[in-house]
Q: 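Below is a structure I'd like to ask you about.
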Amino acid sequence: MPESTVAAPAAAAEPAKRSASRTLRLQLRFLLPLLVTLVAAAYLAVPLLDEMTLRWFSRDLNSRGVLVANALSDSVADAVSSDKVGRLRPLFERAAQDERLFAIGLCSPDGRLLQSTDRFPPSLTCARVVELAGRTEPRLGLQGGAVHVGVQDILGQRPPPLAVLAFEAGYPVTGEDGKSAAAGSAESPAATGSLALVGRLVLVHDLSFIDRRSQDTRRYLIGLIAVLGLVIALITMVVAQLSWRGWVNGARALMRGEGLLSPIAPVPELAPVAAELRARLRDLEDEYRRSQGPEAEWTADRLRGLLRTQLRGDQVIVVSNREPYIHEHDGGEVIVRRPASGLVTAVEPVMRACSGTWVAHGSGDADREVVGAGDRIAVPPGHHDYWLRRIWLSPEEERGYYYGFANEGMWPLCHVAHVRPVFRESDWEAYRAVNRRFADAVVAEARGDDPVVLVQDYHFALVPAMIREQLPQATILTFWHIPWPNPESFGICPWRREILQGMLGSTILGFHTRFHCKNFIETVDRYLEARIEHEHSTIAYQEKETLVESYPISIEWPGPDVAASWAPAAECRRRLIDRLGLPADACLAVGVDRFDYTKGILERLNAVERLLEKHPSWIGRFVFVQVAAPTRSALDEYRGFQERVHRVAERINERFGRPGYVPVHLLAQHHEHYAVNEIFRAADICVVTSLHDGMNLVCKEFVAARDDLRGVLVLSRFAGAARELPEALIVNPYHVEETADALHRAATMPLAEQRERMASLRSTVREFNVFRWAGRMLADAGRWRLRARIEARVRRYQSSAA
Ligand code: F6P
């Protein structure tokens, strides 16, 4: 037999043995005191029991004595009155043949022994008899054992003159014990006429049988206590075993996330224990998860594999407003810029993996100069992984569709950030027209009748239905990158039905969170005649079904080669400190956003100001650097907001700044990805305080940049990312005090805690990366297409059979 097969059961038996001996020790701890208690109880109970049985038997012997005395009293009275006490001896001997009656004697009232049986103890004088009769326990110890001495007064006739004279003279008739004769007989001579005490019958009972019985009782009692002890011990052991098993099962149930006594209602007293246990289990789970790494990590290769297998290499077309590469004039040359856009951050790596075509608005001032035939250009520059097809918009179109309907209407409508949405008829017209143009461009790009089209964001709510009209077999995946409001809020939109109808042209409609999916389904329920299947999260509208699902978006996790190209964190910090002239020991907090009112930039500045008020020790050391990429500055709302932010930053700097120290640095210009990464690596704290955000990828990029496991993330609870990243310090940005406290906590957080939190955040972002986001959506699309093909085949068979 191989060694391992022998060792395995032995190893398995070891913990079982250990657990059994632990249980035994536990039970002994209870059983030993129980045993001591029982022995003590027996020790105390036995004399008590003896005492009690003796008393019962004495009482018994007394009543027997009364019976014997009654039986003998006439004979005794006669014999005494006729002065023939000798006659009594055979009578006494006969009566004494009883097993328990040892001897009988008769004492005269004046204390002489008139008659007795053979065995009457010679030491028992009448005077002693009278003395014993006065005791509650008339016991007498003799050589052969203890005896019970009972005395019964015998009343009878006596020569009248003596008795009568005694009564008439007022003297009571007393015995030698000094007691009234009447007390013993209960009747006075006057009452009985001529009755008087004629003698005292002495009944000597053998008490050895009591001793015997008492010994028997003692034996029974000890036996009973022993048996009782055994039974209690046995019950204890069984109950302890069962309870232990119950507890172990309960703990297992907790590990499974069930109630301890599931399905019985949870026991409130156990709630804190359950919470502790669950928290500990989560820690262990986290440690385990981190030690293992992601089970099957989503990578670009895996996504490509999925496209090949599940989508049979079908063509992928992306449509979005923002293009992934913008060509611009810079001095005398054309440069390529990557826009500050969560959408681009997420979708670009997916397109690099999938190839295909990306249809987008050509917004760069040099864009037209670099495109080839069909307004296409291969990107990324120098790699040519996929095609970028640019759509040109006139300034009017851009104003109505992009600035107007999309960013003055839909954006505030969906973000509910206390900026009023503006809906203009002309904007709507432009929006419709531009959506049509993009839909047509997608159809023109399609090589077959069933491409996979990824429609991006609120700029193109009408595009899915428009493509569907022309390519009914297309698989259209629409992803809504911003929040979806509740039905009441959405009801503000005058074209709410058209928007919903347009979106329901999608095969799959994705949001970041389940909450946004729920809001959308409820909105459809409110404003359209559609069939909703909540169980499957599908909406059937005009014979066409749409799956509404949540797909939390993410970033591409930087591979080892990318990370290796980064400067060390200390170097990044040194560079930023030099560039901005910061104090060398500065605590560096950063924010990186588009300059948008939904990002909570004002709120975080207010929190910085409050921090400096509350903790003046930070003045001179706490520095906040805000990177704010210019965006939509053509809109009044944005311009006004950006000016307000500048004013608040200036106010803080005037209040707390001093030579060599500027608390707030507002960098309101575009930063390329590498520059942002350097800022993230330099920072002690990253602050994301969105007032409402679909996901927010800035926080995930910060986490990805911190391979040194340092830095603290302060994250708004109103960003979709807060659901995925609970190890961040989660704040309500509207609560200035709470946010300021979070900044202080972040600034003073021990390194060990930073490492712990950051390691966990990194493992989440790494696992839930953007390839997983796209992979899940495309896998769902693959299943959907397969189902549609099977259904089409079944329909064909059915129609050919008919
Ligand atoms: O992050 C949400 C989002 O709407 C993206 O989808 C969009 O690309 C980004 O904001 C930037 O907005 P814009 O393209 O208008 O600059």
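Just so you know, ligand 1 is whichever comes first in the structure, and atom 1 is the first atom listed for that ligand.
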Q: Who's the nearest protein heavy-atom neighbour of atom 12 (O) of ligand 1, and how far?
A: R632 NH2, 2.8 Å
Q: With atoms numbered from 1 as shown, which atoms in ligand 1 lie under 4.0 angstrom from a non-hydrogen atom of T631?
A: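 Counting from 1, the qualifying ligand atoms are 16 (O).
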Q: Is it the case that the side chain of H665 and the backbone of V625 share a donor-acceptor pair, with hydrogens and angles ignored and the cut-off at 3.5 Å?
A: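 Such a contact is absent between H665 side chain and V625 backbone.
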Q: Please say whether D457 places an N or O atom under 3.5 Å from an N or O atom belonging to ligand 1.
A: yes
Q: Considering only heavy atoms of H481, which atoms of ligand 1 have at least one such atom less than 4.0 Å away?
A: 6 (O)
Q: Give the residue and atom name of whichever protein heavy atom lies nearest to atom 15 (O) of ligand 1, and the separation in Å to one decimal.
A: Y402 OH, 2.4 Å
Q: Using a strict 4.0 Å cut-off to heavy atoms of Y458, name the atoms of ligand 1 that fall inside it.
A: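 That gives atoms 4 (O) of ligand 1.
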Q: Is there at least one pair of N or O atoms, one from N407 and one from ligand 1, spaced under 3.5 Å apart?
A: no
Q: Is the ring pair F595/F641 parallel, tilted or perpendicular, if the boundaries are 30 and 60 degrees?
A: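 Perpendicular.
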Q: Tell me the contacting part of R594 for ligand 1: side chain, backbone, both, or neither, using a 4.0 Å heavy-atom threshold, strictly below.
A: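 Side chain only.
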Q: Between Y458 and W411 (judged by ring centroids, cut-off 6.0 Å), do the two rings come close enough to count as a pair?
A: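 Yes.
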Q: Quick check: Y551 with W773 (ring centres under 6.0 Å apart)?
A: no
Q: Which residues satisfy the side chain to side chain contact (heavy atoms under 4.5 Å, CB included) test with S633, sequence neighbours excluded?
A: P630, Q642
Q: Can you find an N/O atom of S341 closer than 3.5 Å to an N/O atom of ligand 1?
A: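 It does: an N or O of S341 is found under 3.5 Å from an N or O of ligand 1.
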Q: Look only at the side chain of R762 and the backbone of V703, and say whether a donor-acceptor pair between them is shorter than 3.5 Å.
A: yes
Q: When the aromatic ring centroids of H512 and F479 are compared, is their separation below 6.0 Å?
A: yes
Q: Are any of the N/O atoms on W411, whether in the backbone or the side chain, positioned under 3.5 angstrom from an N/O atom of ligand 1?
A: no
Q: List every atom of ligand 1 that sits less than 4.0 Å from any heavy atom of L343, numbering the atoms from 1 in the order shown and giving each element.
A: 5 (C), 6 (O), 8 (O)
